[in-house]
Amino acid sequence: MRHVIALDVGGTGMKAALVGADGTLLHQDRRPTGRERGPDAVVDAILGFAADLRAHGVERLGEPAAAAGVAVPGIVDEADGIAVYAANLGWRDLPLRTLLAERLGIPVALGHDVRTGGLAEGRVGAGRGADRFLFVALGTGIAGAIGVDGRVEAGAHGFAGEIGHVVVRPGGTPCPCGQLGCLERFASAAAVSEAWAAACGDPEADAADCAKAVVSGDPNAVRVWQRAVDALADGLVTALTLLDPRTLVIGGGLAEAGDTLFTPLRDAVRARVTFQKLPEIVPAALGDTAGCRGAGLLAWDLLHHTIDSSEVAT
């Protein structure tokens, strides 16, 4: 069965799949990155995992994968296939596409993790059918993916979509990026967890606990939650003013709060728009499979581009 390898590399774990031409996940697996052993060990783990996936395809599906797509965190040069920098994984200027292509003997596409997840949400998830969409992931940080006609815009230098570093509170909380008042310092899952832990006096409390307390009517939780929602709405209105998306897809850990997040967020965005067109604001649909599905799409796109190019050449 014709298929591709899809690999989604995170800070501590990797998710992988063999993906059919119709998008079906024919096989799924997970492994740790082994980052505690250093960046070389992470690279070895990625290459070994990919090789095992290829072998599984030969054994169970009757042929090797036709291509591979890999999504990684940090700064990514997708055009040249370089994993430029990832703080959590410790690598710099890693020629990951070349290393994987040499190991597997097939074409490889390399993508940024959030943009790759956004690609999947835009094509086969919550943004399906929208010619312009913005995917925003609310996790440890906040990042986005700008979708245009079925593809995701990386930008001139690979930094497009970094909405988490839009300043929404000038002079506010310092951000590791060097600015003050960045969106992700107020509205990420990590920021809400930190604020709620301080407000309730429990250092183990997190954003999910805060959401539960909001539902129960805890006034301190409502205050912490609304502060995050207001900051998020400010950042999103800036983004929609610049990009004019038809659909705004919100994913990541904070989005798991469901209506506890989406009801006040829609209200807050609606209250802030003036001349702008209000996009549909929807939760992400693919959960933690988005990265793998997006990596699979990258691989199939690579194959289709190769075929199209060969046809033009002949």
Side-chain angles (χ1 to χ4, degrees), residues 114 121 126 133-145 161-177 179-245 247-285 287:
V114 174
E121 285 289 352
F133 72 90
L134 176 64
F135 170 69
V136 177
L138 309 175
T140 303
I142 297 179
E162 290 291 347
I163 187 175
H165 297 290
V166 169
V167 173
V168 294
R169 298 292 180 266
T173 307
C175 179
C177 80
Q179 298 186 115
L180 301 177
C182 286
L183 175 60
E184 70 176 41
R185 296 302 299 134
F186 296 90
S188 64
V192 174
S193 294
E194 181 181 335
W196 178 234
C200 73
D202 178 1
E204 301 300 318
D206 61 13
D209 297 322
C210 185
K212 291 174 185 174
V214 169
V215 173
S216 70
D218 185 307
N220 283 331
V222 171
R223 176 180 54 79
V224 167
W225 195 258
Q226 193 61 49
R227 177 174 178 256
V229 167
D230 286 341
L232 181 56
D234 288 340
L236 292 178
V237 170
T238 296
L240 68 89
T241 302
L242 290 170
L243 303 172
D244 188 26
T247 305
L248 184 53
V249 181
I250 309 293
L254 208 61
E256 293 175 7
D259 287 345
T260 304
L261 174 67
F262 283 91
T263 298
L265 179 61
R266 290 183 182 114
D267 291 342
V269 171
R270 187 179 300 109
R272 284 162 171 76
V273 298
T274 53
F275 67 90
Q276 305 94 333
K277 292 294 185 181
L278 187 67
E280 184 181 13
I281 302 175
V282 298

Enquirer: Does any part of the side chain of L232, heavy atoms only, come nearer than 4.5 Å to the side chain of L138, both counted from C-beta?
Expert: yes

Enquirer: Got a sec, which residues hit side-chain hydrogen bond (donor to acceptor under 3.5 Å, both in side chains) with R169, two or more places apart in sequence or on another chain?
Expert: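 side-chain hydrogen bond (donor to acceptor under 3.5 Å, both in side chains) list for R169, sorted by chain: D234.
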
Enquirer: Could you pull out all residues at least two apart from D244 that satisfy side-chain contact (heavy atoms from CB on, under 4.5 Å)?
Expert: K277

Enquirer: Which value, rounded to the nearest 0.5 Å, describes the distance between I250 atom CD1 and E121 atom CD?
Expert: 11.0 Å

Enquirer: Under the 3.5 angstrom rule, does the side chain of S193 hit a backbone N or O of A207 as a donor-acceptor pair?
Expert: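 It does hold such a pair.
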
Enquirer: Report the residues that fulfil salt bridge (Lys or Arg N to Asp or Glu O under 4.0 Å) with D202, sequence neighbours left out, ordered by chain and then residue number.
Expert: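 Partners of D202 under the salt bridge (Lys or Arg N to Asp or Glu O under 4.0 Å) test: none.
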
Enquirer: For Q276, what residues pass the side-chain contact (heavy atoms from CB on, under 4.5 Å) criterion, not counting sequence neighbours?
Expert: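 Applying side-chain contact (heavy atoms from CB on, under 4.5 Å) to Q276 gives V237, L240, T241, V273, T274.
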
Enquirer: Heavy atoms only: give me the nearest P279-P245 pair and the separation to one decimal.
Expert: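 Looking at all heavy atoms of both residues, the closest pair is CB-O, 3.4 Å.
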
Enquirer: Which pair of non-hydrogen atoms, one from A205 and one from W196, has the smallest distance, and what is that distance?
Expert: CB-CD1, 3.7 Å

Enquirer: Going by side-chain contact (heavy atoms from CB on, under 4.5 Å), name the residues that satisfy it together with V166, two or more places apart in sequence or in a different chain.
Expert: I163, V168, T238

Enquirer: What's the spacing between F186 CZ and T173 OG1 if we round to 0.5 Å?
Expert: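 Separation between the atoms: 3.5 Å.
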
Enquirer: Indicate the atoms forming the closest heavy-atom contact of A191 with A187, along with that distance.
Expert: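 Residues A191 and A187, closest heavy atoms: CB-N, 4.1 Å.
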
Enquirer: Quick test of your reading: applying salt bridge (Lys or Arg N to Asp or Glu O under 4.0 Å), list the pairs with at least one residue in residues 183-193, sequence neighbours left out, ordered by first then second residue.
Expert: R185-E194

Enquirer: Could you list all the side-chain hydrogen bond (donor to acceptor under 3.5 Å, both in side chains) pairs where at least one residue sits in residues 259-269, not counting sequence neighbours?
Expert: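 Every side-chain hydrogen bond (donor to acceptor under 3.5 Å, both in side chains) pair that includes a residue of residues 259-269, provided the two are not neighbours, is D267-R270.
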
Enquirer: Check A268 against R272 and note the closest heavy-atom contact, atom names and distance.
Expert: O-NH1, 3.0 Å

Enquirer: Can you see which heavy atom on A126 is nearest to which on A285, and at what distance?
Expert: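 Residues A126 and A285, closest heavy atoms: N-CB, 3.8 Å.
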
Enquirer: Indicate the atoms forming the closest heavy-atom contact of E162 with I142, along with that distance.
Expert: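 Nearest pair, atom of E162 first, then I142: OE1-O, 4.4 Å.
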
Enquirer: Working to the nearest 0.5 Å, report the span between CG of L243 and CG of L134.
Expert: 6.0 Å

Enquirer: Run the side-chain contact (heavy atoms from CB on, under 4.5 Å) test against A190 and tell me which residues pass, sequence neighbours left out.
Expert: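 Result, side-chain contact (heavy atoms from CB on, under 4.5 Å) vs A190: T140, S188.
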
Enquirer: Do V229 and L261 have side chains that approach each other closer than 4.5 Å (heavy atoms only, starting at C-beta)?
Expert: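 In short, these two side chains touch, coming nearer than 4.5 Å.
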
Enquirer: Any side-chain hydrogen bond (donor to acceptor under 3.5 Å, both in side chains) pairs touching residues 207-226, not counting sequence neighbours?
Expert: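 For residues 207-226, and leaving out neighbouring residues, the side-chain hydrogen bond (donor to acceptor under 3.5 Å, both in side chains) pairs sorted by first residue read Q226-D230.
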
